[in-house]
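So the structure is just underneath, and the comments pick up after that.
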Amino acid sequence: STGMSLLRAAGTSLRGFRAALRMQQRSASKLCQNADEAVDGVKDNMTMAFGGFGLCGIPENSIDALVRAGVKGVTAVSNNAGVDDCGLGKMLQTRQIKRMISSYVGENATFEKQYLTGELEVELTPQGTLAERLRAGGAGVPAFFTPTGAGTLIEEGGFPIKYNNDGSVAITAAPREAREFNGRRYIMEEGIRADFSFVKAWKGDELGNLVFRSSAQNFNPMVASAGKVTIAEVEELVPAGEIDPDQVHVPGVMVQRIFQGQQYEKRIERLTTRKVESGSEANAGKELSARELARERIVRRAAKELKDGMYVNLGIGIPTLSVNYLPPGVQITLQSENGVLGMGPYPLEGQADADLINAGKETITLLPGASTFSSSDSFGMIRGGHIDITILGALQVAQNGDLANWIIPGKMVKGMGGAMDLVGSGGSKVVVTMEHTAKGNPKILKSCNLPLTGQRVVDMIITEMCVFEFRHGKMFLTEIAPNVSVEDVRAATEAEFTVVDKLIEMQQ
């Protein structure tokens, strides 16, 4: 072995062994002077994976170097593509990317436009599945089975990957193989390997050992492992031995090139802060509009589902507000898909941290006892049924519990993000909070006409008018808002439902 060869070369002297090891390390140095040197060797039509979530933890210097290098025809694997003028959005603007494999289009108008007009191929993949595909690829696992996406377009195939100029579909996604395990349906997903992977860490050493900070870890560890050649840029580069071995997130064996990045922008996508007062205190004495009152009714009722000691995942918008109305004495732990457990409130003005965001890209704080981890670990918690309850919004819900909330074909393409994983875990209670109608049209239907997020996954719907619960595949009206009649609910609801014998007033 190499170690024995070094020992023989150095005799029995420990000092000699260390000296020989240092000589070997220098001769096989991973150090690069800058990003341009690090990306040397990238070619057109390669598959490249990029760490980061939104704009948090993205390899800024490497992306800029790839723009300068002018490589074309790139298949880019990344949770999302930043925004128009930051992150991978820069490579979209220069038309360097041929295909995106991602979970979320988000607020990148260039991404959405290029996809809908046929310039860009997009392979949308559930966020947890994408994290696991990268982890599997790096671990030498060619494929695996997951419940996420079963019974949706992900399993069925046919989702448009590329459009023609006239709006017709040029390339569609292939169907997935499906199998049942213990009476439950799973679909097969393949691991991902990249020709080059690009990651960004807070600290790294000359051997390639990496340490991440807060939620900037996200996809970076899996991306690092999935690359045939992994290039790491770090905010601080230190000599070998200065990082405590117990603190290493990615061991150096996964990294082939490393350099210290320069002039990090670390842009915050959604700077969200609070004043000293929050929640119901902030609304004290404020005159609320009818719509605001309706939303507050939904939020207050959703808070009643949060019980002491629960681990909770909340979607952006109405669900997030529910923590402001927790009953007295109730303490919960908030989990975020991008790798946070123990989220606190938004930071005070002037105290936001670019490395600390939630799944909605909003700045957050951490409570005592919080932890941060990779996206793969985060979705392991979700798929493994360790999260007690998920509260999220919806475009449509069907009377059998089907949920649609991620796309309006040909019009709105945001991507499924982590929603398919959250509702498909089978171990969490799924509560939908939403306005009862959209522009007067029912959103609670006999069957969804939009692509599904999950089949028969909803346990409860909370609207400004009422509460529905799902039992054995049927929908029951269990609570009703003041000044709302059962007839009013039926008029605003296409779905068929049963009124329980003891219908009560909506809890607040």
Side-chain angles (χ1 to χ4, degrees), residues 44-55 58 63 66 71-134 137 148-149 152-176 187 189-190 192 194 219 223 226 361 375 395 404-421 450-453:
D44 293 349
N45 304 312
M46 281 186 163
T47 296
M48 303 180 188
F50 298 84
F53 183 93
L55 301 180
I58 60 173
I63 291 171
L66 289 171
V71 289
K72 300 286 186 181
V74 173
T75 295
V77 184
S78 174
N79 180 61
N80 52 290
V83 296
D84 292 335
D85 62 343
C86 189
L88 285 179
K90 293 181 177 180
M91 292 182 68
L92 286 174
Q93 286 188 333
T94 52
R95 305 300 196 270
Q96 292 175 263
I97 298 176
K98 176 186 178 183
R99 175 177 287 205
M100 283 292 310
I101 301 176
S102 58
S103 81
Y104 194 65
V105 176
E107 286 63 53
N108 191 319
T110 303
F111 190 158
E112 188 170 15
K113 180 181 177 181
Q114 287 186 9
Y115 170 56
L116 291 175
T117 57
E119 293 184 69
L120 178 69
E121 299 173 10
V122 176
E123 185 181 329
L124 286 172
T125 303
Q127 191 176 136
T129 298
L130 181 61
E132 195 66 11
R133 289 181 68 188
L134 287 161
T148 301
T152 73
L153 272 177
I154 301 298
E155 177 185 345
E156 297 163 5
F159 184 79
I161 288 178
K162 186 178 189 298
Y163 288 99
N164 292 311
N165 293 335
D166 61 3
S168 60
V169 177
I171 303 173
T172 59
R176 303 295 197 269
I187 60 175
E189 296 282 359
E190 296 184 5
I192 294 175
F219 272 80
V223 168
K361 322 297 190 335
S375 295
L395 295 170
N405 77 344
W406 67 278
I407 188 172
I408 301 175
K411 293 182 180 180
M412 185 197 80
V413 186
K414 295 300 180 187
M416 69 287 289
M420 283 189 178
D421 304 274
L450 294 175
L452 295 185
T453 307

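Numbers here simply count residues along the sequence, with the first being 1. Quantities reported herein were computed from a predicted structural model and do not represent experimental measurements.
Taking the six-membered ring where the residue is Trp, Trp406 and Phe159 present tilted rings, their angle falling between 30° and 60°.
Considering CG of Asn80 and CZ of Phe219, their distance stands at 8.5 Å, rounded to 0.5 Å. The CD1 atom of Ile407 sits 12.5 Å away from the CG atom of Leu452 when rounded to the nearest 0.5 Å. Atom CG in Leu153 sits 10.5 Å away from atom CG in Leu450 (nearest 0.5 Å). Atom CD in Gln96 sits 7.0 Å away from atom CG in Leu66 (nearest 0.5 Å). Of the inter-residue distances, the one linking Arg99 atom CZ with Asn45 atom CG reads 12.5 Å to the nearest 0.5 angstrom. If you take CE on Met48 and OG1 on Thr75, they are separated by 9.0 Å, rounding to the nearest 0.5 Å.
A 6.0 Å sphere centred on CD of Glu190 holds no more than 12 heavy atoms belonging to other residues, nucleotides or ligands.
With sequence neighbours excluded, the residues that form a salt bridge (charged side-chain N to carboxylate O under 4.0 Å, His left out) with Arg176 are Glu189.
In this structure, Thr453 contributes its side chain and Asn405 its backbone to a donor-acceptor pair below 3.5 Å. Counting only distance, with no hydrogens or angles, the side chain of Asp166 and the backbone of Ser168 share a donor-acceptor pair below 3.5 Å. Proximity of a side-chain donor or acceptor of Asp44 to a complementary backbone N or O of Lys72 within less than 3.5 Å is detected.
Nearest heavy-atom pair across Ala170 and Asn164 is CB-OD1, 3.2 Å. Minimum interatomic distance between Phe111 and Ser102 (heavy atoms only, all atoms of both residues): CZ-OG, 3.6 Å. Here the shortest heavy-atom pairing between Ile187 and Gly149 reads CD1-C, 3.9 Å. Annotation for Ile97 and Leu120: closest pair O-CD1, 3.5 Å, computed over non-hydrogen atoms.
Inter-residue side-chain proximity for Ile154 and Leu124 is flagged as unmet; no heavy-atom pair is nearer than 4.5 Å.
A side-chain contact (heavy atoms from CB on, under 4.5 Å) with Phe50 is found for one member of Ile63, Val223, Val77 and no other, namely Ile63.
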Under 3.5 Å, which donor-acceptor pairs do the side chains of residues 84-92 form with other protein atoms, sequence neighbours left out?
from	atom 1	to	atom 2	distance (Å)
Asp84	OD1	Ala109	N	3.1
Asp84	OD1	Thr110	N	3.0
Asp84	OD1	Thr110	OG1	3.0
Asp85	OD1	Arg267	NH1	2.9
Lys90	NZ	Asp64	OD1	2.8

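Residue pairs meeting the side-chain hydrogen bond (donor to acceptor under 3.5 Å, both in side chains) criterion with at least one member in residues 153-162, sequence neighbours excluded, are Glu155-Arg185.
A side-chain N or O of Ser103 and one of Asn79 form a donor-acceptor pair less than 3.5 Å apart.
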**Report entry** side-chain contact (heavy atoms from CB on, under 4.5 Å) between Lys414 and Glu112, intermediate numbers included
**Finding:** CA-CA 8 Å; Lys414 295 300 180 187; Glu112 188 170 15; 4.1 Å; yes

Report task. Given side-chain contact (heavy atoms from CB on, under 4.5 Å), test Ile171 with Glu121 step by step and report yes or no. Result -> CA-CA 8 Å; Ile171 303 173; Glu121 299 173 10; 3.8 Å; yes

